Amino acid sequence: MNILIVEDNKELAVEVYDFLCNTGYVCKIAHNCSDALEEVSSNDYDAMLLDLGLPDGDGFEVLKTVRKTKSKMAVIVLTARGELDDRINGLHLGADDYLTKPFALTELSARLFAVIRRIHGFTLNNLSIHGFLLQLQDYKVSYSETPISLTKKEFDIFQYLVLNKNRVITRLQLTEHIWGDILEVNSDSNFIDVHVRNLRKKLDKHTAIDWFETVRNVGYRINE
């Protein structure tokens, strides 16, 4: 999943960034309100970790702006302001969770995964589609209990398409979500198609995958 960390404390931001990247997330850091809003407007993030005390404004203003256009993006407020009124205000404005500093990185990771899981509508750590089982936290895929060996990128692509089943996902969206900032990669490359082709070959060995659709000149769709 693609995560935006909005935190003006550079040491803490890097600490959270390193931890989540090592956990398997793709992350980007913004240190103020304007950079955060620019990132959200130009990139498609799954979740935002939002500090309230930013140098050029209040994080609540970022939250209000984001919620006008990004209804499905998870937002977890991270702040030293632990007063009840602040927590209630954040939740009323559309925050999905609230974590008071200092916090344990393991708790942050657990809350982040729980929020994303709830937003995407699955209750366990597993996803299933046409007999395939994806174990999200273990990066494992199986078909009728037979393990399937996927690379990290193949798993990420499969997971993202399943989470967005019945929707056409463009190559640009896949590039952004799997590799991070779209400005840092060559989106005209065919590397997405190569990974998808390899993924299809591995899945097709177990059952027909006519539900894994190529939408010509656009991208891909997995149909439930």
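Every value quoted in this text rests on a predicted model; they were computed, and no experiment measured them.
- Listed by chain and number, the hydrophobic cluster partners of Leu133 come to none, as no ILVMFWY side chain reaches under 4.5 Å of it.
- The main-chain N or O of Gly94 is found under 3.5 Å from a side-chain atom of Arg67 such that the two form a donor-acceptor pair.
- Side-chain atoms of Val75 and Leu63, non-hydrogen and from C-beta on, do get closer than 4.5 Å to each other.
- At a threshold of 4.0 Å, the pair Lys152-Asp156 counts as salt-bridged, since one of the basic side-chain nitrogens sits closer than that to a carboxylate oxygen.
- Across Ile5 and Cys27, no two heavy atoms sit closer than the pair CD1-CB, 4.1 Å.
- Residues His31 and Leu54 come closest through the heavy atom pair O-CD2, 4.1 Å.
- A heavy-atom distance below 4.5 Å is found between the side chains of Leu127 and Leu136.
- Take Ser41 and apply the side-chain contact (heavy atoms from CB on, under 4.5 Å) test, not counting sequence neighbours, and it matches no residue.
- Checked for salt-bridge contact, Glu7 and Lys101 meet the test: a charged N lies under 4.0 Å from a carboxylate O.
- A single hydrophobic cluster is not seen to contain both Val194 and Phe155; linkage of ILVMFWY side chains at heavy-atom distances under 4.5 Å, directly or through other members, places them apart.
- The two residues Asp46 and Tyr160 come nearest to each other via the heavy atoms OD1-CE1, 4.2 Å.
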Candidate pair Tyr98 and Leu50, rule side-chain contact (heavy atoms from CB on, under 4.5 Å), full reasoning: CA-CA 9 Å; Tyr98 202 109; Leu50 178 62; over 6 Å; no
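- The closest side-chain heavy-atom distance from Leu78 to Leu49 is below 4.5 Å.
- Summarising the local packing, NZ of Lys202 is surrounded by more than 12 heavy atoms from other residues, nucleotides or ligands at distances under 6.0 Å.
- For Gln173 (side chain) and Thr170 (main-chain N/O), a donor-acceptor pair under 3.5 Å exists by modelled atom type.
- Val66 places none of its side-chain heavy atoms less than 4.5 Å from the side chain of Lys64.
- Tyr220 and Glu213 share no donor-acceptor pair across their side chains, judged by distance under 3.5 Å alone.
- You'll find the side chain of Ile222 reaches within 4.5 Å of the side chain of Phe158, heavy atoms only.
- For the pair Met48 and Val62, the minimum side-chain heavy-atom distance is below 4.5 Å.
- For the pair Asp204 (side chain) and Arg200 (backbone), a donor-acceptor distance under 3.5 Å is absent.
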Using side-chain contact (heavy atoms from CB on, under 4.5 Å), reason through Val77 and Leu99 one step at a time and then give a plain yes or no. CA-CA 6 Å; Val77 171; Leu99 196 56; over 6 Å; no
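- The aromatic rings of His206 and Phe132 sit perpendicular to each other, their planes meeting at more than 60°, with 30° as the lower class boundary.
- Checked by atom type and distance alone, the side chain of Asn223 never pairs as donor or acceptor with a backbone atom of Asn166 at under 3.5 Å.
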Is there a side-chain contact (heavy atoms from CB on, under 4.5 Å) between Leu161 and Arg167 once you walk through the steps? CA-CA 8 Å; Leu161 289 173; Arg167 289 178 52 202; over 6 Å; no
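- At least one side-chain heavy atom of Arg171 sits under 4.5 Å from a side-chain heavy atom of Asp193.
- You'll find the side chain of Asn32 stays beyond 4.5 Å of the side chain of Asp8, heavy atoms only.
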